[in-house]
Each structure stands twice: as structure tokens, then as C-alpha cells.
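What follows is a single structure, written as C-alpha cells, with notes after it.
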Amino acid sequence: MDLKIEDVLSDDFIGKEVHLRGWIYRKRRMGKIIFVVLRDSTDIIQCVVEKKNVGPEVFKMLDKVGVESSLELRGKIRKESRAPTGYEVDVSMVNIIGPSYNFPISKDKSDEFLLDNRHLWVRSREMNAILKIRATVFDAIHEFFKNNGYYETQAPMFVTGAVEGGATLFEVPYFGRKAYLTQSAQFYLETLIFSLEKVYTVAPSFRAEKSRTRRHLTEFWHAEAEAAWYHNKDMMRDEEEMIVYIINAVVDRRKKELEFLKRDVSLLKNVDKPFERMKYEKLIEFAQSIGVDIKYGDDLGADEEFAITKNFEKPVFVTHYPRDIKPFYHRPDPENPSVVLCHDLLAPEGYGEIIGGGERIYKLEVLLSRMEEEGLNPDDYYWYVDLRKYGSVPHAGFGLGVDRLIMWIAGLSHIKYAIPYPRTTRRTKP
Ligand code: 4AD
Ligand code: MG
């Protein structure tokens, strides 16, 4: 049987012979004994290698190789309270598969060094825990959408227009013409609801964000959805269900990893429906009351959001933003057209915006007049405009920044820890 370390860390295995494969996590020699702490994808276990059991040749080889050497071994499990995970292997056979010498990463390395060596740092127990949480978040996103009648779909990465404003577009040469990397699948998802009604996609989005904050990447993972016949409140309901579903999935399935990261799980367990809905106007009043330097009409930057959401224990929906600070596609509130029927979801504990969404303009005249106000040429968006000519319907959607969600759930101090290979203004490798 192909056993993993996690499986054999159990009283059931005491006295049983097991075969394990993995990498040397720690190693120390005491005379004729070498203590190897072996790691695999699941956990670590101490392995005791005695010269008399494995022979002088193998013992010498094992003594020479360094941490991160890969090997397979065989031996009996016994209980050992002094071992890091409570059990150890009394090794009878060891076979070094891929030796490693002078592994560059040791304890005292700087953050920059670890980022330059991310291809090796992904092996760390910390990254292993984060990457497992990340995998569960992606699983849960797909499960949620599939359980709630959304069809998965795909949108192109090469596009010709901005969704979220021209300032953060990445231009790419495209056979003598210009193309851009997509900022959001939203407009394509809007086309697809006329066929599938409820759609979602999980894909990278690209932003040439010059802002160097702890929550901006130039390439991030975006889970976006769009639904026909939905209004702002319908979309918010699906979103809060989704967020609660994802958090429960991680809390249930990733206990060990959350504990390893020292995440305060009680704060996650505390997240339940419904989330508070707060108008932008009220949020500004609240921000002012706690001393944030902001006035009505200002957009919230990373610092303001941090100051505000430090005070939150649960996510909060902020609605009715002034239309001047939101992209053209948001539907103005018929009762007060100076604000739009949109929502941002702000995560608590200082994490800030994780979702942007809202109701879309579905009337042709309204869309054209908003485009004119913003100085956009409708020809550039002919296919988007077409949707308002042929059987338009009210609809709404949202985009969730998956890396930001992971950052919050795992309690990380920077978004670069939430993704295997972060892309920022200064980093495109490894
Ligand atoms: O608020 P944003 O810009 O909204 C849109 O792109 C909409 N078109 C989405 C939609 O309605 N379909 O981006 C949505 C979310 C943000 O709330 C944030 O979580 C994440 O995407 N995001 C980023 N994450 C990391 N790095 C960046 N540079 C991000 N920009 C946005
Ligand atoms: Mg936003």
C-alpha cells in the first residue's frame, strides 16, 4: 500500500512495518545513529537509522547527503513522545533516490531571498499548509457554483478593451495590432447569460497596478459570476452563501493547516449569514468617526480600508457608491441616480475588499449616456452594447479576488504568501 506519513502517525501502526517516500526535512547524527526527520506532502516523521541495521555503505551515504535529499525507507513504527510528531520509524532499509547538497534555504533567510527561491520555498511546511488551504478554497468555489445552478465557462485572456478603466491595462503586441490582457471576464460573462442565465469562471485577471500594497498583484485569480434576472440583493445573497460555504469547507477540511499557521479559527467560525449591508454614505461617516481622513466621494484606498475593517468582526457589504468612482457599467439607482446599485464586500480584521459586484445597466439609452459621460466610444464596445439591443434583461454579477480571500482565511500578512508564484510590479520570476 502507498502509505503517506499522515496515515502512519497512529497507534494502529505501532509495530507495523511501513514503506515511506519523501525528503529529508532535518538530519542529525549521534555516533552510529542518524536521526532523519522525513517529510512528504502530508506531514513529518522522525526516522531512526542505525548503522548496524542498514550497513556501513548506506549509513555513510546518508551521513553525507543534505536536507531535501529524496529517499525511500522501510521500518517499524513505534511511539516516541520526544519525536516531533509523536511516533518514529525504526529503519531497516533506506535508499537515497535524489541526493541534495547545500540546499540554499536555511532558517535566517530574508523575504526577498525566499521569493527569489520560491521554486524551493514552496516545499516549506508553511507554504505546504497555505497551498492546501488554497486548493480547498478553489474546490469550494467550484462546489458552490455547481450546487447553485451556475454553469462554468471561460472567457479570453487577450482582449481589446478595458472593463475596470484604462489605467491598469497591460498592453501586448498582437500581430501588428494592440491587445490587452484581461482585467475581468465580466463583459464576456454578461454575453453568456443570454444563453446559460447563470455562469461563472475562475481565471487569472491582470492589472498593471502601480500601487505597491500588501494586497495587490499584477496577476491574480478571479472567480466571477453573472446571473440573468438578478438584482443587487440577489447577488449579495449568493455571495454571502458562497463565502460562508468556502470558510466552512476550509475550517472543516483544513484544521491541521490552520493550526500550523496559528490562525485564530474562532474568528472564521464567527462568520455567518447575513452579512451587514451598509451604504457607502454610512461607511464614510463611520470612517470619519474613527478618525480616517476621508470625505464623501473619495474612493477607499488600501490604508483606509485597513483602518476601517480592523474594526469589523464579519464581512460587510458596502452599497450605493457614488457613480463617479465606479466604472460605467454599474446601474444608477433609479431613486438617486448619483449613486449606483453596486456592492463591495469588505473582509474583517483589516483585510478589506475581496469582492466587487453589482447590478448592470440593462437599458440601451442609459448605457450609451454613461459611456458618453466617461468619454468611451461605443464602437469599441459594440458587442457589449448589442446585449442591450436584443432582449436585454436585468442582471447582476461579481468578481471575487481569490488570492485576497485566501490571505484573509489563512490570516496572512501579505498577498504574496497566498499564491505559489506572485507577480508584482517588481517580480516576474521564478
Ligand atoms: O473590484 P474589481 O476591480 O471588479 C471587477 O473587476 C468586476 N469587473 C468584477 C465583476 O463584477 N465581475 O475586482 C474584483 C475583485 C476585487 O474585489 C479584489 O478582490 C480582486 O478582484 N482584485 C485584486 N486582487 C489582487 N490584486 C489586484 N491587483 C486586484 N484587483 C482586484
Ligand atoms: Mg473593486
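For the side-chain contact (heavy atoms from CB on, under 4.5 Å) test with Leu62, the passing option among Ile24, Leu73, Val91 is Ile24; the others fail.
Under 4.0 Å is where a charged nitrogen must lie from a carboxylate oxygen, and between Glu276 and Lys314 no such pair does. Ion pairing between Asp40 and Arg21 fails under the 4.0 Å rule for side-chain N and carboxylate O. A salt bridge links Glu50 with Lys52: the closest approach of a Lys/Arg side-chain nitrogen to an acidic carboxylate oxygen falls below 4.0 angstrom. The residues Lys310 and Glu349 are annotated as not salt-bridged, no charged nitrogen and carboxylate oxygen being separated by less than 4.0 angstrom. The pair Asp264-Lys269 does not meet the salt-bridge criterion, since no charged nitrogen lies less than 4.0 angstrom from a carboxylate oxygen. By the 4.0 Å N-to-carboxylate-O rule, Glu88 lies too far from Lys79 to be salt-bridged with it. Salt-bridge formation is detected for the pair Arg370/Glu374: a Lys NZ or Arg NE/NH1/NH2 atom is positioned less than 4.0 Å from an Asp or Glu carboxylate oxygen. A salt bridge does not link Lys198 with Glu226: none of the charged nitrogens is closer than 4.0 Å to a carboxylate oxygen.
Aromatic ring orientation, Tyr381 versus Phe187: perpendicular (interplanar angle above 60°, classes split at 30° and 60°).
Between the side chain of Arg404 and the backbone N or O of Glu353 there is at least one donor-acceptor pair closer than 3.5 Å. Judged by distance alone, with hydrogens and angles left aside, the side-chain atoms of Asp403 form a donor-acceptor pair with the main-chain N or O of Trp221 at under 3.5 Å.
With sequence neighbours left out, the side-chain contact (heavy atoms from CB on, under 4.5 Å) criterion links Val58 to Val54, Val94. Every residue two or more places apart in sequence or in another chain that forms a side-chain contact (heavy atoms from CB on, under 4.5 Å) with Ile325 is listed here: Tyr280, Asp299, Tyr321, Pro322. With sequence neighbours left out, the side-chain hydrogen bond (donor to acceptor under 3.5 Å, both in side chains) criterion links Gln288 to no other residue. Residues passing the side-chain hydrogen bond (donor to acceptor under 3.5 Å, both in side chains) test with Asn148: none are found, sequence neighbours excluded. By the side-chain hydrogen bond (donor to acceptor under 3.5 Å, both in side chains) test, Asp63 is found to be paired with Arg29, residues two or more places apart in sequence or in another chain being considered. Every side-chain contact (heavy atoms from CB on, under 4.5 Å) that Lys282 has, sequence neighbours left out, goes to Met278, Glu285. Partners of Asn147 under the side-chain contact (heavy atoms from CB on, under 4.5 Å) rule, at least two apart in sequence or in another chain, are Glu143, Tyr245.
Between Leu400 and Glu224, the closest side-chain pair of non-hydrogen atoms is not below 4.5 Å. Under the 4.5 Å side-chain criterion, counting only non-hydrogen atoms from C-beta, His320 is in contact with Leu341. For the pair Phe398 and Leu345, the minimum side-chain heavy-atom distance is 4.5 Å or more. Under the 4.5 Å side-chain criterion, counting only non-hydrogen atoms from C-beta, Lys279 is not in contact with Phe317. In this structure, Arg214 and Tyr417 have side chains that are not in contact, with every pair of non-hydrogen atoms separated by 4.5 Å or more. Between Arg360 and Gln186 there is a side-chain heavy-atom pair separated by less than 4.5 Å. The closest side-chain heavy-atom distance from Val65 to Tyr101 is below 4.5 Å. Side-chain contact check for Asn95 versus Leu71: every heavy-atom pair is 4.5 Å or farther apart.
Residue pairs meeting the salt bridge (charged side-chain N to carboxylate O under 4.0 Å, His left out) criterion with at least one member in residues 410-430, sequence neighbours excluded, are Asp111-Lys416, Glu112-Arg427, Asp116-Arg427. The salt bridge (charged side-chain N to carboxylate O under 4.0 Å, His left out) analysis of residues 287-297, with sequence neighbours excluded, yields the pairs Lys295-Asp298.
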In residues 119-126, what donor-acceptor pairs under 3.5 Å come from side-chain atoms, sequence neighbours left out?
from	atom 1	to	atom 2	distance (Å)
Arg123	NH1	Glu68	OE1	2.9
Ser124	OG	Trp121	O	2.8
Ser124	OG	Met127	N	3.1
Arg125	NH2	Asp43	OD1	3.3

With a cut-off of 3.5 Å and sequence neighbours excluded, list every side-chain donor-acceptor pair involving residues 232-239.
from	atom 1	to	atom 2	distance (Å)
Asn232	OD1	His343	ND1	2.8
Asn232	ND2	Cys342	O	3.2
Asp234	OD2	His231	N	2.6
Asp238	OD2	Tyr150	OH	2.5
Asp238	OD2	Tyr230	OH	2.8
Glu239	OE1	His343	NE2	2.9
Glu239	OE2	His343	NE2	2.7

Sequence neighbours left out, cut at 3.5 Å: what donor-acceptor pairs do the side chains of residues 153-181 make with other protein atoms?
from	atom 1	to	atom 2	distance (Å)
Glu164	OE1	Tyr329	OH	3.4
Glu164	OE2	Tyr329	OH	2.5
Thr168	OG1	Gln183	NE2	2.8

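Ring to ring, His330 and Phe328 are not that close: their centroids are 6.0 angstrom or more apart.
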### Task
Carefully, step by step, assess Tyr188 and Trp383 under the rule ring-ring contact (aromatic ring centres under 6.0 Å, His included).
CA-CA 9 Å; Tyr188 292 96; Trp383 51 274; 4.5 Å; yes

### Query
Passes salt bridge (Lys or Arg N to Asp or Glu O under 4.0 Å), Glu6 versus Lys256? Steps please.
CA-CA 11 Å; Glu6 186 175 60; Lys256 205 164 97 179; 2.9 Å; yes

### Task
Before giving the answer on side chain to side chain donor-acceptor pair (under 3.5 Å), spell out for Ser106 and Asp108 the whole-Å C-alpha distance, their side-chain angles and the decisive distance to 0.1 Å.
CA-CA 6 Å; Ser106 56; Asp108 50 348; 3.2 Å; yes

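The shortest non-hydrogen separation linking Ile44 to Thr85 is O-OG1, 2.7 Å. Residues Phe59 and Gly31 approach most closely at CZ-O, 3.9 Å, considering heavy atoms.
Here the OG1 atom belonging to Thr136 is positioned 7.5 Å from the CD1 atom belonging to Ile133, to the nearest 0.5 angstrom.
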